[in-house]
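Before any comments, here is the structure.
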Amino acid sequence: MTTRADFAAAADEFANRVLGALRGAGGTALVARHIDSAPDALAALAAVRVLGADTFSPHLLAGAPFHADDAAAVARSFDAFPTPVAGPSARPEERTVAAWRDWATTQLLGRFGGMDSPPAPPGPADDLTDTTDWQSWSVRMAQLATLATPGLDGPVHELARGAAFPLARGVTRSVLRRDFPTAVRLVRWLAWLAHEGVALPLDPAPVHEHVRLLGGASPRTALDLAVTDHLLTARTPEAVRT
Amino acid sequence: MLAQKTARIIATPAEAAAIGSMMVEPEATVSDPPLPAPEAAGFILALLLMSPKEPKEPKGK
């Protein structure tokens with residue numbers, strides 16, 4: 001049986017590959033090569049599921065080609081892990097988050113791989129639409145950071161457009177708690193909002209620089225930072241309200 | 001080419017749950033920022049009083 005540590009190591013390795021492709025270290029069939037060269041195919045497939053929509057970031061942001069073998073590899077990851085949050089201890093909000101992450105992945109798979117996309121989950125549940133408890137809500141949005149990608153749009157994005165203030169509060173809270181991986185993911189949402197031209201109560205650029213220095217060396221965090229870089233450099237400057 | 005495409009791999013429920021928790025990472029279980037603790041002032045004062053004196057420059061050198 002493959003352990004969680006094996007999955008984590010495979011996810012880090014795959015994140016490094018995606019990061020390399022995003023930075024221009026192009027090659028052929030990124031995802032398929034990752035699975036072919038892995039000693040543990042299950043762990044390699046798990047890595048694709050963990051990264052989710054970020055698997056497509058070299059193709060979305062850097063224009064890297066997406067091969068048919070890559071599409072087949074992503075589809076295989078869904079075969080291997082059809083319901084990732086299936087444990088008896090999984091909470092409803094975790095299932096909601098996982099469902100939306102899968103929605104994002106399948107949307108992009110449909111676009112790049114020519115496969116049919118499944119319908120969206122039945123709207124954001126109450127735990128996503130209600131921002132009253134902004135502390136918990138912002139953590140869930142951090143878990144959904146892979147959706148903060150150009151080219152994806154749906155009910156969660158519409159929700160984020162109307163929740164710049166709770167997101168900014170979440171960023172501030174995460175930085176104060178020194179939970180920099182969460183802060184990095186929330187800054188990614190702010191950068192996405194800035195990219196969309198939404199007025200923000202907090203300038204994401206200096207916070208991005210701050211969490212870049214303190215966010216740790218995890219490859220997944222580095223990938224979040226790289227996507228945020230792309231979003232910020234392409235954003236509309238007047239979008240930020242100071 | 002996807003060389004392993006012929007082998008169908010299905011994760012066990014435990015393995016699926018493991019990557020589920022990686023997909024939905026909770027926030028770090030760190031404490032809130034440090035807060036001032038007035039009751040610690042006495043302890044710090046005691047440490048200062050009990051600490052050895054500064055070494056003096058030896059005379060005659």
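Throughout, a chain's letter reflects where its sequence line sits, starting with A, and its residues are numbered from 1.
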Looking at [X] and [Y], what are the two nearest heavy atoms and their distance?
X     : Y     : answer
A:A8  : B:M22 : CA-CE, 3.4 Å
A:V50 : B:M23 : CA-CG, 3.8 Å
A:F81 : B:A16 : CD2-CA, 3.9 Å
B:I19 : A:A46 : CG2-CB, 3.5 Å

*Is there a donor-acceptor contact under 3.5 Å from the side chain of A:D179 to the main chain of B:A28?*
yes

*asked:* Looking at A:Q143 and B:E25, would you say the former's side chain and the latter's main chain have a donor-acceptor pair under 3.5 Å?
replied: yes

*Check whether any side-chain heavy atom of A:R4 sits under 4.5 Å from a side-chain heavy atom of B:S21, and report yes or no.*
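Result yes, sub-4.5 Å side-chain heavy-atom pair found.
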
*Between A:R140 and B:E27, is any pair of side-chain heavy atoms under 4.5 Å apart?*
no

*Toward chain B, the part of A:L45 with a non-hydrogen atom under 4.5 Å*: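 Just the side chain, heavy atoms under 4.5 Å.
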
*Rounded to the nearest 0.5 Å, how far apart are CG of A:D40 and CD1 of B:I9?*
8.0 Å

*Could you list the residues that satisfy ring-ring contact (aromatic ring centres under 6.0 Å, His included) with A:F66, not counting sequence neighbours?*
A:F56, A:H59, A:F112

